[in-house]
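Inspection log for the structure reproduced underneath, given as structure tokens.
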Amino acid sequence: MFDPEVISLSKLDPRAPLVLDTRELGRRPGSQREVSRSVPAPADLGIEVLHVPEGSSVDLDLRLEAVMEGVLVTGTARAALEGECVRCLGPIADEIEVDLQELYVYDDLDTDPDEDDEVSTLQDDLVDLEPLLRDAVVLALPFQPLCQPDCPGLCVECGARLADDPDHGHEAPVDPRWAALAELQQDDPNT
Ligand SMILES: [Zn+2]
Ligand SMILES: [Zn+2]
């Protein structure tokens, strides 16, 4: 049966930073290899408000283990995070460490294609680690990142960042008519 998805798959480059070469394992179940490397982060790794800066280093500590049907990849990835607090819009600088685990099945095994569409496959005994890394990072990120767990957010009156000024307060609400007048005076270059 014609499967456009398979046809359109580009060949993996064994020298690409997020491609792992398993040929050394010789498809012998039980043989394993440790891989430690730092790779530049691909673009858009994370979510809009919190992500790994593109090109910053992602430290991978992985074990590749040949099993009967493919290669099991387990390990961790560590990276820096950059983002914006959803309450006060202040910058967030953090780190993330995620666990990685995925079985990559040999692509030439005689398996029933309808059995499991979600299975990851090796391509010419190469592993494309990027989808696994993306999923793991996105799953580990909070949907609503905060600069600190109890971030007080912004002052509803004036928009000041309350974390910088905990005793912040206003005597009385500013009358919008006076505020407009004050702005006019500030804008006038003759005063
Ligand atoms: Zn905040
Ligand atoms: Zn205020």
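Start at 1 with the first residue, then count along the sequence. What you see is a predicted model; the values in this text were computed from it and never measured. Just so you know, ligand 1 is whichever comes first in the structure, and atom 1 is the first atom listed for that ligand.
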Q: Could you count the protein N, O or S atoms found under 2.8 Å away from the Zn ion (ligand 2)?
A: 4

Q. So which protein N/O/S atoms does the Zn ion (ligand 1) have within less than 2.8 Å?
A. C85 SG, C88 SG, C147 SG, C151 SG

Taking the side chain as everything from C-beta on, heavy atoms only, tell me whether [X] gets closer than 4.5 Å to [Y].
X	Y	answer
R27	D125	yes
V86	P145	yes
L146	C85	yes
D124	L12	no

Side-chain donor-acceptor pairs under 3.5 Å in residues 71-83, sequence neighbours left out?
none

Q: Give a yes or no answer on whether the side chain of R134 reaches the backbone of P42 with a donor-acceptor pair at less than 3.5 Å.
A: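 Checking the backbone N and O of P42 against the side chain of R134, no donor-acceptor pair under 3.5 Å is found.
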
**Q.** Under the salt bridge (charged side-chain N to carboxylate O under 4.0 Å, His left out) test, residues paired with D128 that sit two or more places apart
**A.** none

Q) What is the minimum heavy-atom distance between I92 and E84, and which atoms define it? A) CD1-C, 3.7 Å

Q) Is the count of non-hydrogen atoms from other residues, nucleotides or ligands lying under 6.0 Å from D59 atom CG greater than 12? A) yes

